[in-house]
Amino acid sequence: MQFMLLFSRQGKLRLQKWYVPLSDKERKKISRDLVQTILARKPKMCSFLEWRDLKIVYKRYASLYFCCAVEDQDNELITLEIIHRYVELLDKYFGSVCELDIIFNFEKAYFILDEFLLGGEAQETSKKNVLKAIEQADLLIGCIFFTYLLEKSCKLFIHYKTAADLLSVKQM
Amino acid sequence: MPAPIRLRELIRTIRTARTQAEEREMIQKECAAIRSSFREEDNTYRCRNVAKLLYMHMLGYPAHFGQLECLKLIASQKFTDKRIGYLGAMLLLDERQDVHLLMTNCIKNDLNHSTQYVQGLALCTLGCMGSSEMCRDLAGEVEKLLKTSNSYLRKKAALCAVHVIRKVPELMEMFLPATKNLLSEKNHGVLHTSVVLLTEMCERSPDMLAHFRKNEKLVPQLVRILKNLIMSGYSPEHDVSGISDPFLQVRILRLLRILGKSDDDSSEAMNDILAQVATNTETSKNVGNAILYETVLTIMDIKSESGLRVLAINILGRFLLNNDKNIRYVALTSLLKTVQTDHNAVQRHRSTIVDCLKDLDVSIKRRAMELSFALVNGNNIRGMMKELLYFLDSCDPEFKADCASGVFLAAEKYAPSKRWHIDTIMRVLTTAGSYVRDDSVPNLIQLITNSVEMHAYTVQRLYKALLDDISQQPLVQVASWCIGEYGDLLVSGQCEEEEPIQVTEDEVLDVLEGLLVSNLSTPVTRGYALTAIMKLSTRFSSVNRIKKVVSIYGSSIDVELQQRAVEYNALFKKYDHMRPALLERMPIMEKTATNGPTEIVQTNGETEPSVVESKHPPPVTQPTNQANDLLDLLGGNDVVPVIQTTMPTKPASAGGELLDLLGDLSLSGGPPPAPAPSVPTSQPSFLLDGLSSQPLFNDIAAAGIPPMTAYNKNGLKIDFTFERANPNPNIAVITIHASNSTEADMTDFVFQAAVPKTFQLQLLSPSSNVVPALNQGTVTQVIRVLNPQKQQLRMRIKLTYTLKGSAVQDLAEVNNFPPQSWQ
């Protein structure tokens with residue numbers, strides 16, 4: 001995999017993971033162009049397209065587009081599975097993940113991705129193991145909190161903190 | 001200074017901004033606060049600030065001032081700091097800046113940290129963005145970790161090694177010992193990453209590949225693992241929709257592909273497992289299909305037995321019928337790769353492929369189109385062409401050019417009849433005329449010229465098409481060329497194939513003049529139109545009107561048009577005697593087959609440049625004079641003089657205009673081959689002679705045509721030998737052999753021939769114009785006769801030579817052609 005982008009239906013980037021060395025300017029340009037191309041596609045179209053000299057695999061989950069650029073020899077169908085696995089991991093971690101979770105906890109989304117993929121390839125094929133690793137790393141921080149954000153009237157707004165008994169507590 | 005606001009707080013605030021300007025303002029304010037906080041070297045809140053900076057960076061704002069701060073975070077002892085620091089490094093730093101090298105030491109230390117999660121962070125960062133220098137420095141550490149028993153670290157180290165190898169391929173050797181027992185691990189994560197590492201090594205180095213095949217016996221190991229995955233029962237940890245660890249399966253199949261490629265033993269060893277996977281995998285979900293896809297790719301690439309290959313193609317065929325678009329796409333891609341090698345198997349799925357042309361998805365349509373063209377053959381041409389033309393009508397503009405070219409190519413190769421061919425071309429020109437490639441125009445013109453019996457039909461259809469629409473330039477160009485060439489057939493209503501239309505000369509000229517003045521016509525098209533009008537001056541009777549048109553354009557702003565008009569004007573005035581000859585019907589342009597009947601090569605001018613060189617345009621007036629003489633002598637109504645395939649050069653102008661005069665064909669790069677008479681430098685053009693008298697043809701019938709003596713008088717004997725030109729059976733190739741039994745040489749020997757109107761004749765240059773005395777040698781010359789109506793061949797020949805100082809001239813009729821030469 002060369003890179004993975006997550007973006008909303010309005011074209012706002014929510015996550016960008018690059019596995020190839022490119023300057024900031026180049027990354028911005030690629031993101032912008034690719035996002036526009038994908039947003040222009042109709043819903044019934046194929047999940048694969050050739051763009052520049054890359055193979056692009058993308059899938060929409062609710063309001064978020066998950067988009068990967070893979071190499072020629074990569075299997076597109078299994079890339080779809082990789083995307084799906086990542087969504088499942090986020091779902092398990094956040095509990096019924098939605099776009100807001102990823103907006104407000106983007107750094108966590110990155111940490112989870114980094115436990116699942118490394119250098120563009122899957123490092124762990126067991127869902128359980130990935131989540132376990134994240135949990136344990138989180139424990140090292142010594143602070144776990146969930147934040148549910150109230151946007152419309154029906155969700156409750158809960159802060160939940162455990163005391164910092166291991167290391168010094170840092171709230172971000 | 002108050003504590004900097006929390007990350008979540010910032011995110012919430014920024015999201016309340018209603019305009020871009022408001023957002024920018026907030027961001028700038030926060031950036032300023034962060035900057036001053038960085039300046040104060042605040043350790044406590046650095047982590048929080050960098051996190052905020054990363055958020056703002058994702059929104060698109062500059063964040064380079066945070067780079068050094070990331071490094072400081074990485075160097076910190078706190079895990080939270082390190083985590084954010086490494087994340088920042090991956091997002092903000094890139095290997096082109098030297099700053100990133102400062103990370104190297106930190107990473108080195110962290111690779112040896114006591115906490116595996118810290119080690120993990122370091123490995124991840126290195127594996128994601130490590131530059132070549134960093135990789136060189138840290139490869140040793142990675143190699144060490146590759147040998148650890150801690151599977152959490154081992155799997156990360158393996159992928160990190162992959163990255164190192166990609167950046168610094170020379171270091172590959174270093175990791176070889178560590179790979180020894182990677183595959184004996186139970187942990188799937190390690191297995192998966194190990195397979196990736198082995199794949200990378202085998203892809204990069206053929207030596208490694210050979211090593212793994214022979215020494216490590218990799219294939220049996222992989223087969224065993226794969227077998228376990230398939231046979232073992234339900235494993236909740238790795239299960240995806242009923243399939244056990246599909247990611248690992250796919251990776252193993254890919255590695256098997258590399259190992260089995262061009263290697264019989266390895267391919268043999270994996271045959272069974274591939275068959276097993278292919279038949280047992282559940283296909284209801286995407287996962288199963290992903291594995292099948294990889295299996296198919298592997299089967300096609302290795303040296304698998306034919307049964308397995310057929311199985312693979314059938315899987316692809318089933319994919320084509322799948323409702324899921326993605327699966328269809330993948331199937332079409334794979335079929336495209338295999339259509340060359342397993343053509344017949346793919347043919348079976350032709351109808352499904354053709355159906356995919358109607359799919360809504362652009363990528364699928366494109367692949368279906370390419371595949372359809374690959375599958376066209378002599379048997380299915382009619383049906384396929386119908387579908388493809390329908391597709392051409394309705395497809396997006398981006399496809400039209402490729403589709404049109406494909407249709408032309410396929411039509412040329414497999415046309416069942418001339419009429420069908422011309423109809424197909426017409427259809428393409430009228431529906432996708434403006435997308436047709438530029439080089440198709442000359443190709444089409446050549447094709448039309450060669451279908452002699454279809455001339456009337458073609459010109460009629462093109463004329464009708466022009467009446468409808470003059471916007472598509474290629475169509476207009478071909479049409480105007482044809483009208484110029486065959487206008488007489490059009491007006492005389494000679495069409496046999498369909499109802500002839502009634503059209504007068506004036507109507508035709510109206511159309512052509514319309515093209516000249518229309519805004520839709522490009523300059524090139526106008527050139528075609530003007531030339532066509534000029535040509536009609538010898539075919540129509542309303543010469544005055546043509547003269548008027550031509551003189552008007554003598555002052556045209558367009559230089560090209562002006563030049564033509566001026567030259568044509570000159571033709572009307574000073575050189576009127578040359579006009580008929582100059583504007584005669586174009587001869588058949590040759591299609592020489594090189595290796596086989598299906599390869600169609602351009603005309604003489606392009607394929608045999610050496611031949612063209614030896615046939616430079618001769619001095620100006622002689623040929624036409626002689627041609628005219630022949631005409632006079634033979635009292636010419638039933639015989640059409642042979643135009644020796646070149647026109648004399650115009651006075652005071654270079655040979656370039658010649659081609660312009662003859663209708664702008666860019667076909668013959670150089671001047672067309674020179675005529676038979678007085679070629680000053682007549683080198684034996686054996687190339688062409690050789691070509692036509694050599695067995696290009698595999699026609700057994702041709703071998704049986706007996707030679708004959710055409711003329712034998714006063715010591716000069718002329719024999720004819722026959723061949724049939726392949727691929728066109730209507731062309732008879734006659735080689736004359738002139739021999740001289742007198743005591744003196746015959747010099748300035750010139751052979752000319754004329755044939756009845758239904759034939760077309762082409763005379764190529766002779767081997768020499770001296771017939772040596774006493775039968776010491778022969779002069780050979782090749783005549784090509786096109787006899788589409790298969791009438792009895794008759795020929796009048798004229799011989800001139802100088803013997804012992806006196807000029808001799810003789811005429812004769814040749815009627816004793818053997819029946820096989822014209823049947």
Side-chain angles (χ1 to χ4, degrees), chain A residues 12-19 21-24 27-28 42 44-50 57 73 75-82 84-85 103-107 110-111 114-115 117-129 133 136-137 140-143 147 149 167-168 170-172, chain B residues 6-8 11-12 15 47-48 51 54-55 58-60 78-80 83-84 87 91 94-96 115 117 120 123-124 127-129 131 152 155-156 159-160 162-163 188-189 192-193 196 237-238 240 245-248 250 254 286-287 289-290 293-294 325-327 329-330 360-364:
Chain A
K12 290 207 134 172
L13 262 187
R14 299 299 179 205
L15 189 145
Q16 45 169 334
K17 187 75 189 178
W18 297 83
Y19 295 109
L22 287 168
S23 72
D24 219 26
R27 290 181 186 183
K28 277 212 176 85
K42 303 195 195 65
K44 291 282 181 192
M45 291 177 110
C46 193
S47 285
F48 314 131
L49 70 143
E50 284 105 30
V57 181
Q73 328 90 292
N75 182 328
E76 295 97 322
L77 297 177
I78 209 75
T79 310
L80 278 177
E81 289 301 318
I82 289 191
H84 191 73
R85 172 57 65 88
I103 295 172
F104 278 89
N105 301 286
F106 70 94
E107 82 279 9
Y110 275 110
F111 298 152
D114 285 339
E115 280 299 327
L117 302 177
L118 199 158
E121 307 282 351
Q123 57 180 287
E124 181 57 67
T125 54
S126 151
K127 227 184 331 188
K128 190 180 87 184
N129 286 349
Q136 303 211 326
L140 274 185
I141 303 176
C143 134
T147 308
L149 197 70
L167 302 167
S168 56
K170 282 295 167 193
Q171 284 181 28
M172 292 198 295
Chain B
R6 299 204 193 124
L7 172 65
R8 315 262 179 260
I11 298 178
R12 205 175 313 146
R15 283 171 64 78
C47 181
R48 184 187 290 188
L54 291 180
Y55 178 73
M58 187 145 67
L59 291 178
K78 293 209 279 274
F79 183 67
T80 332
R83 231 181 178 187
I84 295 290
L87 181 61
L91 288 175
D94 80 79
E95 61 176 46
R96 289 145 209 240
T115 316
Y117 297 103
L123 280 169
C124 180
C128 250
M129 58 158 309
S131 64
Y152 177 79
K155 70 188 188 201
K156 290 184 194 269
L159 288 181
C160 201
V162 171
H163 181 85
H188 280 225
H192 186 273
T193 56
V196 175
E237 197 174 332
H238 302 288
V240 180
D245 207 339
F247 304 107
L248 183 56
V250 165
R254 187 160 149 188
N286 184 54
V287 205
N289 289 323
Y293 176 40
E294 197 73 36
K325 236 180 276 302
N326 298 331
I327 311 262
Y329 174 96
V330 146
L360 294 165
D361 187 295
V362 162
S363 319
I364 292 189

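Order of the sequence lines fixes the chain letters, A, B, ..., with proteins taken first and strands second; residue numbering starts at 1 for each chain.
For B:Leu54, the parts sitting under 4.5 Å from any heavy atom of chain A are the backbone and the side chain alike. Of the two parts of B:Asp245, only the side chain, counted from C-beta on, holds a non-hydrogen atom closer than 4.5 Å to a non-hydrogen atom of chain A. Contact annotation for A:Arg27: only side-chain heavy atoms (C-beta onward) come within less than 4.5 Å of a heavy atom of chain B. At a 4.5 Å heavy-atom cutoff, B:Ser131 makes no contact with chain A through either its backbone or its side chain. Both the backbone and the side chain of B:Met58 come within less than 4.5 Å of a heavy atom of chain A. Using a 4.5 Å cut-off between heavy atoms, A:Lys42 does not touch chain B at all. Contacts between A:Lys12 and chain B at a heavy-atom distance below 4.5 Å involve the side chain alone, from C-beta outward.
Side-chain atoms of B:Leu7 and A:Glu107, non-hydrogen and from C-beta on, do get closer than 4.5 Å to each other. Taking 4.5 Å as the limit, some side-chain heavy atom of A:Phe111 sits within range of a side-chain heavy atom of B:Leu87. Using a 4.5 Å heavy-atom cutoff, the side chains of B:Ile327 and B:Asn286 are in contact.
Taking chain A as the reference chain and counting heavy-atom pairs below 4.5 Å, the highest number among B:Arg254, B:Glu294, B:Met129 is found for B:Arg254. Looking only at heavy-atom pairs under 4.5 Å with chain A, the residue among B:Val362, B:Asn326, B:Val330 that has the most is B:Asn326. The candidate with the highest count of non-hydrogen atom pairs below 4.5 Å against chain B, out of A:Glu50, A:Glu76, A:Arg85, is A:Glu50. Residue with the most contacts toward chain A among B:Val162, B:Leu248, B:Val287: B:Val287 (heavy-atom pairs, distance under 4.5 Å). Chain B forms the most heavy-atom pairs under 4.5 Å with one residue out of A:Ser47, A:Ser23, A:Gly120, and that residue is A:Ser47. Counting heavy-atom pairs under 4.5 Å between each of A:Ile82, A:Asn75, A:Thr79, A:Asn129 and chain B puts A:Asn75 at the top. When each of A:Val57, A:Leu77, A:Leu117 is scored by its heavy-atom pairs under 4.5 Å with chain B, the top score falls to A:Leu77. For the set B:His188, B:Arg83, B:His192, the count of heavy-atom pairs under 4.5 angstrom toward chain A peaks at B:Arg83. Note: A:Cys46 leads A:Ala122, A:Cys46, A:Ala133 in heavy-atom pairs under 4.5 Å with chain B.
Annotation: the span from A:Leu80 atom CG to B:Asn289 atom CG amounts to 11.0 Å, rounded to 0.5 Å. Annotation: the span from B:Arg8 atom CZ to B:Arg48 atom CZ amounts to 11.0 Å, rounded to 0.5 Å.
Taking the six-membered ring where the residue is Trp, B:Tyr55 and A:Phe106 present tilted rings, their angle falling between 30° and 60°. Relative orientation of the B:Tyr117 and B:Phe79 rings is perpendicular, given thresholds of 30° and 60° on the angle between their planes.
Side-chain atoms of B:Lys155 and A:Gln123 include no donor-acceptor pair closer than 3.5 Å. Residues B:Tyr152 and A:Glu115 bring a donor and an acceptor atom of their side chains to less than 3.5 Å of each other.
What you find for B:Gly127 and B:His163 is that their closest heavy atoms are O-ND1, 3.1 Å.
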